[in-house]
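Since the structure comes first, as structure tokens, the remarks are kept for the end.
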Amino acid sequence: MEDNFGWLKELNPQQRLAVTHGSGPLLVIAGAGSGKTRTLAYRVAYLIATGVPASRILLLTFTRRAAEEMLKRATAVARLEEVTSGHVWGGTFHSVANRLLRIYGQALGLGRDFTIMDEGDAEDLMNLLRHELGFSATRERFPQKGTLRAIYSRCVNGNEKLKVVLERYFPWCLPWEKQLKQLFRRYVERKQKQQVLDYDDLLLYWEQLLVDDRMADEVGGRFDHILVDEYQDTNLIQGNILRRMRRKNKNIMVVGDDAQSIYSFRGATVRNILDFPRHFPGTTIITLDQNYRSTMPILRVTNAVISQARERYTKNLWSERKTGQRPVLATCADETYQDTFVADTILKHHEAGIPLHRQAVLFRAGHHSDSLEIELARRQIPFRKYGGLRFLETAHVKDLLGFLKIVENPRDELSWFRVLQLLKGVGPATASEAMKFVWQHGYEPAVLSEFNGPAIVREEIKRLGGLFRQLKELTRQPAAQVELVRRFYQPLLPQLYENAPARQKDLENLEKIASRYKSLTSFLIDLTLEPPTSTSDLAGPADREDDWLVLSTIHSAKGCEWDVVFLIHASDGCLPSDMSADSPEEIEEELRLAYVAMTRARDFLYVSWPLRYYHAWSRFVDRHIFAQRSRFLSPQVCQEFDQLVVGPAGETEEPEVKTVIDAGRRLRTRWF
DNA sequence: ACTAATGTCCTTTTT
DNA sequence: GGACATTAGT
């Protein structure tokens, strides 16, 4: 026994307590950098080593990457067979929901071949119905598709009545309550008719499945242990799901940190973590507050930042890494100086031996790195960007996937509209006719060849029908299917969009990704549920640099750490974002975002902000506006920084001198 | 019926 | 500066 569990000595006492916890509910409050991933990984290893079958463990994480990482560590730690840990059910709530619904979905009247919409599809559907119901043509402006999805999602994820949601978050939409009700009802109907699920539905259907006691016991009974990471960022439905999954068996371990809750816009509620002991009586609570990541000078800053939170349950963090460079706060004259400062400093650290991928630049919104990206390209510093605009949201990728989605699910109205209108001369009217023709002929896309539309487009539509016939013959070869579509679609590209060569390259990369899959279904599902996270995930090996700098939104940086971290655009309006400055709750969340960003740093932390920056919709002629230092950088916080001014006077000015030394007096009296 | 051109509004974070 | 809607023109 002793020999087999020698690796437990690598843990600190609290971590070990969590890892070797017996049965029953366990809540681990894990501060930033306190070894949370390690604790979860070791827990999995411990469970398997004590005889729990891997397939009876459910590990819910925030991204698939996180799950894979933990399982890899678990395997390494306990020297488990790769195969064994591979059977652990790991992944996001959404991907696990998908897997379970493929098995049990029939109980809910759900076919085995339901398809999943990404956020863009969901918005498009909302938009379609908005027009269908004539709400787009009203005299007063009706909410746009994005807003509509946001309202809908709030209701679903927060389990709140439409009226309440409108009053609280969207008061300007209150006059439309009646229309919204009608619209949302139709949205749900249409999804059901087409056997299409949006992201919210995955959780909702899982929750519905568990309403029945017998079903809850059967589904929950598949698992001896459930482990949940990032619990502070789960929503009400997810909380309900867990409670129902643990109706009888109470083996559940959740790990989280309320100071790092940053997803309330998605319905996440910190109540889940606070109420956990109430929902699971007899909960053991363990707090991890020793930080293994950062130096004390950095922790002094982050502790000062989070101490401004009005509500806080976790303690200050401490570390045995007492010394290190004090964090630097750089006030830059404008964005260009900020870019220069960041790039210079990155290269300096690189020269000193820190590889680029151990350094990261973090920001609140995807576009905050626009000008920096240009500077990095100019200096030939390779980088990967995480978060922000995604590939799946680009028009050409959506187009190509549209063809494939039709093959998957010919009832998919949106994909039909999108694909048909790519053809020159085909607009909404012809598209609708053609689609109905297919629907009337057994939902067989290939019958398009027999469709008698307007003479000008007849040949093109016939050709499209031919494509679908060929696609059908290539089941189980997604890469070949992508290639076929690409051959059909690529010639249309130059007419449709600017920048055709770059888009063409994306499509080729998509084909490479497809070649990793054995079926079109799994390819499409993975793409919607676990979309490529970085701009170069799609790049082929030939395009890859072996070392690269990380650019990331703060949200996407969750759970990560780097030796050197830059937080740029730390100004009011950017952080906190002026989009989220309405209520105290929102401001609190922005503060936590700042905290999450700064706690990613191991050895070096640089926070910078430009006095003047480009703002696309600024009313000033040159579209630049003046910024103020982020309100989160209070005087107490600033004290913990070395301050730097970066501007035109010299390249880099020395820090402001605060201490006053009366040298004159000392020199006069020293020798006399 | 479809396309091209002009005008207006909004601009975050993600499964 | 981009998405989206409306309008005029083919």
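Here is the naming used below: chain letters follow the sequence lines, and residue numbers restart at 1 for every chain.
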| May A:Phe265 be described as stacking on the base of B:dT13, applying a 5.5 Å centroid limit and a 30° limit on plane angle? |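 So yes, this residue stacks on that base, both cut-offs being met.
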| query | Taking the P atom of each, how far is B:dT13 from C:dC4, in whole Å? | reply | 16 Å
Could you check which of [options] has an atom nearest any side-chain atom of [X]?
X        : options               : value
A:Lys424 : B:dA4, B:dT14, B:dT12 : B:dA4
A:Gln144 : B:dT15, B:dT14, C:dA5 : C:dA5
A:Arg364 : C:dA5, B:dT15, B:dT13 : B:dT13
A:Ala429 : B:dT13, B:dT15, B:dA1 : B:dA1

Below 4.0 angstrom from OP1 or OP2 of [N], is there any side-chain N or O of [X]?
X        : N      : result
A:Arg130 : C:dA5  : yes
A:Asn157 : B:dT15 : no
A:Thr528 : B:dT15 : no
A:Thr430 : B:dC2  : yes
A:Ser577 : B:dT13 : no

| Is any side-chain heavy atom of A:Asn157 less than 4.5 Å from a side-chain heavy atom of A:Arg266? | no
Base, sugar-phosphate, or nothing for [X], non-hydrogen atoms under 4.0 angstrom?
X        : result
A:Tyr263 : sugar-phosphate
A:Glu589 : nothing
A:His131 : sugar-phosphate

| task | Report yes or no: is the cationic atom of A:Arg154 (NZ for Lys, CZ for Arg) closer than 6.0 Å to the six-membered ring centre of A:Tyr169, at no more than 45° off its axis? | result | yes
| said: Which residue in the set A:Ser556, A:Ser369, A:Ser552 passes side chain to side chain donor-acceptor pair (under 3.5 Å) when paired with A:Lys385? | reply: A:Ser369
